[in-house]
There are 2 protein chains.
Amino acid sequence: MNTLTEENYLKEIYKIAEEGDDYITTNDIARKINTKAASVTDMLRKLSAKKLIRYKKYYGVALTDRGKKIALSIIRRHRLWEMFLVKTLKFKWDEVHDVAEQLEHIRSEKLIQHMDEFLSFPKFDPHGDPIPDVNGKINFSKEKSIPLSEAKHDKNCEVTGVADHSVAFLQLLDKSGIAPGCKIKIKTMESYDKSLSLLLNGKKQLHISNQIAKNILVSNAERRNK
Amino acid sequence: MNTLTEENYLKEIYKIAEEGDDYITTNDIARKINTKAASVTDMLRKLSAKKLIRYKKYYGVALTDRGKKIALSIIRRHRLWEMFLVKTLKFKWDEVHDVAEQLEHIRSEKLIQHMDEFLSFPKFDPHGDPIPDVNGKINFSKEKSIPLSEAKHDKNCEVTGVADHSVAFLQLLDKSGIAPGCKIKIKTMESYDKSLSLLLNGKKQLHISNQIAKNILVSNAERRNK
DNA sequence: TAAATAATTTAGACTAATCTAAATTATTTA
DNA sequence: TAAATAATTTAGATTAGTCTAAATTATTTA
């Protein structure tokens, strides 16, 4: 059985690894966990002793299969709770993170199983991120999604998720009416700043900056030629 | 802000006080929290410094108003979660305690507010215990309930709750089909061991020991003459 | 490639919560 | 009411997680 803190470390290590880095540094983790490098080192030695990570001093860290499985089960719990908060308790998608961060550590297999069933086995959370199954497998990924900033013009595409999960960004999208499931068609692009004029769900006119477009992920969209 | 452990102490002190003891001893608490008396003493000094309890060495302990308010908010959270687990996630009433024990410490006003609303503001939890309102007030108590063992014969009464919350007892009731809301009529009492023959919901014949009857609480029942 | 800088680890300390064993206080009982 | 017993508190230690400051290792740059 792992402590709440150990669970958080495993989860964050997984998430950093997911961003592409093949070896993960002490400082990366310290930044994510919001703690000091020295504390991270201590925890890495502990997780290593438990064989949940492979750790080489001064070099870096990677999850073992056991560690990865635990990380995925925490992410599963987190994303199911987010889904519950948004769908059942009518939270807005920018309000769920901190609560889900607490709820993900509740220990009860049955709770998560029943929750999954109650929510009709959702495949994605409110931000469009895939929910791992009971075995920790991610069956539907955002792989085929691309940033809206790179999508072809004059062709409808569907919002599948976001690349930035910050409250500020989510609130902005919420205000504009953009959420996973929405249909977007790019009308024009201002070549000077790469900002986009859009049609949202076939009716609403919108203009968004390139920075925003880069953080909206869409599918059913061909990549525009460079 | 109080730690999870502090919350548990406050909650247990409240529950012991509720059982009628006007002053609460270190050993009472140690038994409830499942810890050693020395640890309790440490915590009492801490809670006293925070003015959440009144504590006199070698004498005993009582909650202050602030302490009581916190205890009641934890009990509110616990009972709302139990309700959610039973009503929404289809847990049996003997399965909810341990999970609710964890969930009660999740910090989010909004979560509890929305949960309360989602459950249509229940007044009682699945065991028939009253759920304190947002202000920590208990509006409907089990005051008028009496043990089934003391109820008048040949007169329908309604199960309002239980006096024993142990898993064993709840499972036994579940097996017999007894739950809050059931109608019970006492047919006969075996004078030798005070066991009772009952009619459950007007149809099912049952025979239960005095020990069981003492732990089933019922209302709309006159007390039998001694 | 050697010096400067950055990243990481170690050493030692702190807090919260717990424990055991010893000391103290309260209560019971003979 | 004095001795015996029970309850409680104190003293001192332990564990998990964290921290700062110093030492060590890696990387960059001149």
Side-chain angles (χ1 to χ4, degrees), chain A residues 1-13 16-17 19-63 67 70-71 74 101-102 104-107, chain B residues 1-13 16-17 19-63 67 70-71 74 101-102 104-107:
Chain A
M1 191 83 328
N2 310 294
T3 67
L4 184 149
T5 312
E6 288 168 351
E7 287 194 349
N8 278 332
Y9 273 87
L10 292 173
K11 181 186 63 174
E12 294 302 341
I13 293 168
I16 298 167
E19 283 165 17
D21 311 14
D22 42 349
Y23 83 100
I24 290 158
T25 68
T26 302
N27 263 356
D28 287 345
I29 298 169
R31 234 186 319 276
K32 272 270 198 180
I33 303 270
N34 211 21
T35 186
K36 295 296 150 76
S39 311
V40 174
T41 301
D42 288 343
M43 183 54 85
L44 294 184
R45 299 173 84 242
K46 196 175 158 198
L47 293 174
S48 184
K50 283 184 153 196
K51 298 204 188 299
L52 299 175
I53 59 172
R54 271 183 301 279
Y55 169 50
K56 221 172 98 189
K57 260 171 47 164
Y58 292 105
Y59 177 75
V61 125
L63 292 174
I70 293 168
I74 298 156
E101 203 84 333
Q102 296 177 63
E104 73 190 9
H105 300 291
I106 302 294
R107 278 160 219 289
Chain B
M1 193 83 324
N2 310 294
T3 66
L4 185 148
T5 312
E6 287 168 352
E7 287 194 348
N8 278 334
Y9 272 87
L10 292 173
K11 181 186 63 174
E12 294 302 342
I13 292 169
I16 298 167
E19 283 166 17
D21 310 14
D22 43 349
Y23 83 99
I24 292 157
T25 68
T26 303
N27 261 358
D28 286 346
I29 299 170
R31 234 185 320 276
K32 272 270 197 178
I33 303 269
N34 212 22
T35 186
K36 295 296 151 75
S39 311
V40 174
T41 302
D42 287 344
M43 183 54 85
L44 294 185
R45 300 174 85 245
K46 197 175 158 197
L47 293 174
S48 186
K50 284 184 153 197
K51 300 202 187 300
L52 299 174
I53 59 172
R54 269 183 301 280
Y55 170 50
K56 220 171 98 188
K57 261 171 47 165
Y58 291 107
Y59 178 74
V61 126
L63 291 175
I70 293 168
I74 298 157
E101 203 85 333
Q102 298 177 61
E104 73 190 10
H105 300 292
I106 302 294
R107 277 160 219 288

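Naming convention: chains lettered A, B, ... in sequence-line order (proteins, then strands); numbering from 1 in each chain.
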So which heavy atom on A:R107 is nearest to which on A:T3, and how close? NH2-C, 4.0 Å
Please encode protein proximity along nucleotides 4-11 of chain C as a string of B, S and -, counting only heavy-atom distances under 4.0 Å. ---SBBB-
In terms of heavy-atom contacts, B:N2 and B:K50 come closest through OD1-NZ, 3.1 Å
Which atom pair, heavy atoms only, marks the closest approach of A:I13 to A:I24? O-CD1, 3.5 Å
Distance in angstrom units between A:L47 CG and D:dA16 P, rounded: 13 Å
Under 3.5 Å donor-acceptor pairs involving side-chain atoms of residues 52-63 of chain B, not counting sequence neighbours:
residue : atom : partner : partner atom : Å
B:R54   : NH2  : B:L63   : O            : 3.4

Taking OP1 and OP2 of D:dT18, is either one under 4.0 Å from a side-chain nitrogen or oxygen of A:T35? no
Side-chain donor-acceptor pair present, A:N8, A:T5, cut-off under 3.5 Å: no
Could you state the CG-C1' distance from B:N34 to C:dT18, rounded to the nearest angstrom? 13 Å
Got a sec, which residues hit side-chain contact (heavy atoms from CB on, under 4.5 Å) with B:E12, two or more places apart in sequence or on another chain? B:K15, B:K32, B:I33, B:E101
Quick one: the dot-bracket string of DNA chain C, using Watson-Crick and G-U wobble pairs with both distances under 3.5 Å, [ ] for crossing pairs and | for bases paired to another strand. ||||||||||||||||||||||||||||||
Using atom CD1 of A:I33 as one end and atom P of D:dC19 as the other, report the distance to the nearest whole Å. 11 Å
Using a heavy-atom cut-off of 4.0 Å across all strands, would you classify B:S39 as base, sugar-phosphate, or nothing? base
How would you list, by chain and number, every residue that makes a side-chain contact (heavy atoms from CB on, under 4.5 Å) with B:A37, sequence neighbours excluded? B:T26, B:N27
Under the salt bridge (Lys or Arg N to Asp or Glu O under 4.0 Å) rule, collect the residues that match up with A:R45, sequence neighbours excluded. none
